[in-house]
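Numbers here are sequence positions counted from 1.
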Amino acid sequence: MKAKEIRKMSEAELGEKLVSLKKDLFFLRMQHATNQLQNPVKIAEVKRDIARVKTIIREQQNAAAK
């Protein structure tokens, strides 16, 4: 997911996306623990996406505060 795509989303959409990504990360970790995960790199990708979404949310909060 690109930062440009994330910036186009509203606050509500970002919140939903964050919850969705956290669920995905949980299930990926469960698959990894049970040795069912095919691509372990996917965990790192989801973590980066979570960080991107959190960063954009924080940027929007700072812009609204000014």
Side-chain angles (χ1 to χ4, degrees):
M1 179 180 309
K2 302 279 184 176
K4 288 181 182 181
E5 297 170 9
I6 299 170
R7 283 195 172 92
K8 293 178 184 177
M9 295 181 179
S10 68
E11 271 189 57
E13 291 173 330
L14 288 171
E16 292 173 11
K17 188 68 173 174
L18 185 59
V19 170
S20 171
L21 287 169
K22 285 185 178 184
K23 282 183 185 178
D24 290 345
L25 181 60
F26 173 76
F27 287 119
L28 287 171
R29 285 181 173 164
M30 291 296 292
Q31 287 178 350
H32 185 66
T34 59
N35 292 324
Q36 295 176 348
L37 186 61
Q38 299 295 324
N39 186 6
V41 176
K42 186 72 175 161
I43 293 174
E45 290 173 1
V46 172
K47 283 183 177 181
R48 285 189 195 106
D49 286 342
I50 290 171
R52 284 185 189 110
V53 169
K54 284 184 172 183
T55 300
I56 302 302
I57 289 171
R58 185 71 179 142
E59 285 177 357
Q60 289 180 355
Q61 288 173 346
N62 286 342
K66 289 185 179 181

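Distance CG/Leu18 to CE/Met9: 11.0 Å, rounded to 0.5 Å. Within the model, atoms CD of Glu45 and CG of Asn39 stand 6.5 Å from one another, a figure rounded to the nearest 0.5 Å. In this structure, CD on Gln61 lies 7.0 Å from CD1 on Ile57, to the nearest 0.5 angstrom. Atom CG in Leu25 sits 11.0 Å away from atom NZ in Lys42 (nearest 0.5 Å). For the atom pair CG (Asp24) and CG (Asp49), the distance works out to 9.5 Å, reported to the nearest 0.5 Å. Taken from CG in Leu14 to OG1 in Thr55, the straight-line distance is 11.0 Å, to the nearest 0.5 Å.
Around atom CD of Glu11, no more than 12 heavy atoms belonging to other residues, nucleotides or ligands sit under 6.0 Å away.
Under 4.0 Å is where a charged nitrogen must lie from a carboxylate oxygen, and between Glu13 and Lys8 no such pair does.
Panel note: side chain Ser20, backbone Glu16; no donor-acceptor pair is recorded below 3.5 Å.
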**Prompt:** Can Lys22 and Phe26 be said to form a side chain to side chain contact (heavy atoms under 4.5 Å, CB included), step by step?
**Reply:** CA-CA 6 Å; Lys22 285 185 178 184; Phe26 173 76; over 6 Å; no
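Of all non-hydrogen atoms in Gln60 and Arg7, the two that sit nearest each other are NE2-O, 4.2 Å. Across all their heavy atoms, Arg52 and Ile6 have their closest contact at CB-CD1, 3.6 Å.
In this structure, the side chains of Ile56 and Glu59 come closer than 4.5 Å at one or more pairs of heavy atoms.
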